[in-house]
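This is a predicted model, so every value here is computed, not measured.
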Amino acid sequence: MAQSRSDANRLFIAGAGIGGLTAALALSRRARPVTVIEQAATLEPVGSGLQLSPNAMHVLRGLGLEEALLRHAVAPRAIRIMSARSGSTLTEIPLAEQAEQRYGAPYLVIHRADLQSVLLKAARASAGITLRFGTRLRDASQNAGAVKVELEQVASDGGASHVDHHSGAGLIGADGVWSTVRRRVMNLRQAVFSGRTAYRAVIPADDVPKEWRDVTGLWLGANAHVVHYPVSGGSQFNLVALVSEDWQEERWSAPANRDALLARFADWPPACRDLLARPPSWLKWALCGMDPGTDWVDGRIALMGDAAHAMLPFAAQGAGMSIEDGEALARAIDGIADVPQALRAYQAERQNRADKVLRLARANDRVYHMSGPMALARDAVMRGLPAERLLARLDWLYGWRPPAAG
């Protein structure tokens with residue numbers, strides 16, 4: 001049986017991922033009622049590692065989550081960049097105390113499930129947030145005064161689904177690369193496959209040589225690179241191998257052929273091959289992205305995070321940009337009573353920055369995967385520049401903080 005409910009002040013957020021939960025928390029702190037719609041029946045503790053640079057940490061600190069996050073995260077001592085051609089270290093960019101002193105917040109690495117768990121616990125504790133799991137956004141429409149959403153609650157026992165119709169002030173699509181809001185509601189082009197695949201694995205940190213347990217490692221090679229760092233308070237170790245290849249699977253994520261992956265890196269330095277050989281199994285994801293400059297807002301409906309600006313992970317800012325979006329969205333809505341006007345202000349503030357990060361990720365794609373003389377020149381520059389200057393090039397990115405943070 002269908003039911004209808006109306007709340008002129010309520011915002012609906014499609015997606016209980018990192019961006020959606022951050023936005024919900026930031027809105028609830030400003031006394032705005034929020035309903036978060038999530039198709040999954042529960043948020044399973046899955047995924048791999050991600051990096052929380054100081055710009056994201058300023059937002060999470062403002063939401064009162066830093067102490068909880070520090071119980072799960074690791075502050076790497078440095079980013080160690082290595083050549084896959086020679087096996088030598090090109091440079092070490094200092095983090096830890098240097099990052100906190102420079103940017104006013106720590107640079108952390110964390111398991112995605114741990115971050116999501118902290119956000120979800122905070123959302124459950126907020127009286128202003130309604131969480132609807134096992135619920136699919138079937139459709140949405142809008143008029144001058146409200147947005148209307150059609151929600152389908154799927155019965156856990158396989159029985160008949162239940163459909164609700166609700167109206168409120170606005171709808172936020174935080175539902176990722178394959179956003180229903182982007183595709184079905186706003187009729188915008190979806191993300192496209194980039195020609196890159198990410199292979200991911202998480203193993204016990206005790207299985208890894210100690211030299212890798214306090215740094216973020218980055219190996220640069222022709223048409224591939226490898227990233228690794230500790231997560232889960234240092235008890236686990238995250239490995240990511242990113243390669244250029246066609247995607248032949250029917251889904252956008254799938255189990256990986258371990259032997260085929262290791263064969264791709266057969267001529268890489270022994271230290272890197274040793275790390276890649278340690279996981280007993282791998283999962284792989286097709287990396288998809290969007291072009292800069294696409295619209296995020298249509299009246300009372302807006303996109304955020306990967307739904308708005310899916311980017312390659314070569315700047316380690318997918319989560320960071322979603323977190324920034326959530327804070328900026330809540331601040332805009334809190335400051336401007338007219339929701340469509342507030343959403344336009346949110347896009348005006350965020351789009352240039354997100355597009356700049358998207359372009360940085362694409363530039364890093366080229367730099368990381370150079371070969372021949374270009375790779376030799378890149379390596380010489382990295383060896384010759386002081387590590388602090390390499391970090392300073394990202395001051396515009398890591399040094400961002402919400403205006404309210406001062």
Side-chain angles (χ1 to χ4, degrees), residues 2-3 5 7 10-29 32-48 50 60 63 65 111-140 147-186 190-191 251-253 285 301-308 310 318-319 321-323 325-327 329-330:
Q3 296 183 3
R5 299 184 181 89
D7 182 346
R10 182 169 297 274
L11 286 168
F12 299 95
I13 298 176
I18 291 167
L21 290 175
T22 300
L25 289 167
L27 286 161
S28 71
R29 299 294 196 271
R32 171 72 70 158
V34 181
T35 294
V36 179
I37 307 153
E38 172 56 50
Q39 184 166 315
T42 58
L43 292 184
E44 300 293 342
V46 297
S48 56
L50 57 83
L60 298 171
L63 293 174
L65 303 178
H111 197 289
R112 179 178 296 273
D114 291 333
L115 171 58
Q116 193 147 346
S117 175
V118 169
L119 291 169
L120 181 59
K121 183 178 180 181
R124 291 191 189 280
S126 174
I129 299 175
T130 300
L131 296 167
R132 289 197 54 173
F133 290 99
T135 301
R136 184 168 67 93
L137 176 68
R138 288 183 25 163
D139 207 352
V147 67
K148 299 178 181 180
V149 297
E150 182 177 324
L151 308 180
E152 180 181 18
Q153 184 85 34
V154 180
S156 59
D157 60 2
S161 61
H162 178 78
V163 177
D164 288 338
H165 296 86
H166 299 254
S167 63
L171 170 65
I172 310 303
D175 46 349
V177 174
W178 307 116
S179 169
T180 296
V181 176
R182 181 182 181 88
R183 172 179 51 85
R184 181 175 298 176
V185 179
M186 298 180 69
Q190 290 288 69
R251 300 176 297 162
W252 292 107
S253 64
W285 279 263
I301 301 171
L303 302 171
M304 63 170 292
D306 283 349
M321 289 300 102
S322 294
I323 291 166
D325 283 353
E327 186 280 332
L329 177 72

Looking only at heavy atoms, the pair that brings I13 and A174 closest together is CG2-CB, 4.0 Å
Between the CG atom in L303 and the CG atom in L329, the distance rounded to the nearest 0.5 Å is 11.0 Å
N/O donor-acceptor pair under 3.5 Å between D164 side chain and L151 backbone = no
Minimal heavy-atom distance between G17 and E38, with the atoms involved, is N-OE1, 4.5 Å
When rounded to the nearest 0.5 Å, the distance separating CD of Q190 from OG1 of T180 is 8.0 Å
Under 4.5 Å between any side-chain heavy atoms of L21 and L131, yes or no? yes
For residues 169-178, the side-chain hydrogen bond (donor to acceptor under 3.5 Å, both in side chains) pairs (sequence neighbours left out) are D175-S179
Residue set satisfying salt bridge (charged side-chain N to carboxylate O under 4.0 Å, His left out) with D306, at least two apart, ordered chain then number -> none
Sequence neighbours excluded, the answer for salt bridge (charged side-chain N to carboxylate O under 4.0 Å, His left out) partners of R184 is none
Taken in chain and number order and not counting sequence neighbours, the residues that satisfy salt bridge (charged side-chain N to carboxylate O under 4.0 Å, His left out) with D7 are R10
Residues passing the side chain to side chain contact (heavy atoms under 4.5 Å, CB included) test with S28, sequence neighbours excluded, are S126, I129
inquiry  = With a 3.5 Å distance limit and no angle check, can you tell me whether R138 reaches the backbone of E152 through a side-chain donor-acceptor pair?
reply    = no
Sorted by chain and number, sequence neighbours left out, salt bridge (charged side-chain N to carboxylate O under 4.0 Å, His left out) with R32 holds for none
Nearest heavy-atom approach of L115 to L50 is CD2-CD1, 4.0 Å
**Prompt:** Quick one: does L65's side chain get under 4.5 Å of L25's, heavy atoms only?
**Reply:** yes
Are the side chain of Q153 and the backbone of R136 linked by a donor-acceptor contact shorter than 3.5 Å? no
* **Pairwise side-chain contact, L60 with L119, heavy-atom cut-off 4.5 Å (strictly under)** => yes
Examine distances only and state if a side-chain atom of Q116 and a backbone atom of A16 form a donor-acceptor pair shorter than 3.5 Å.
-> yes
- Message: Given 3.5 Å as the limit, does a donor-acceptor pair link the side chain of R29 with the main chain of L63, or not?
- Response: yes
In this structure, CE of M304 is separated from CD1 of I323 (nearest 0.5 Å) by 9.0 Å
In short, V149 meets A140 closest at the heavy-atom pair CG1-CB, 4.1 Å
Between L11 and the options T35, L27, V36, the side-chain contact (heavy atoms from CB on, under 4.5 Å) test singles out L27
Residues V34 and A24: closest non-hydrogen pair is CG1-CB, 4.0 Å
Correct closest heavy-atom pair for S167 and F12 would be C-CE1, 3.9 Å
Query raised in the report: Do the side chain of T22 and the main chain of G20 share a donor and acceptor less than 3.5 angstrom apart?
Result: no
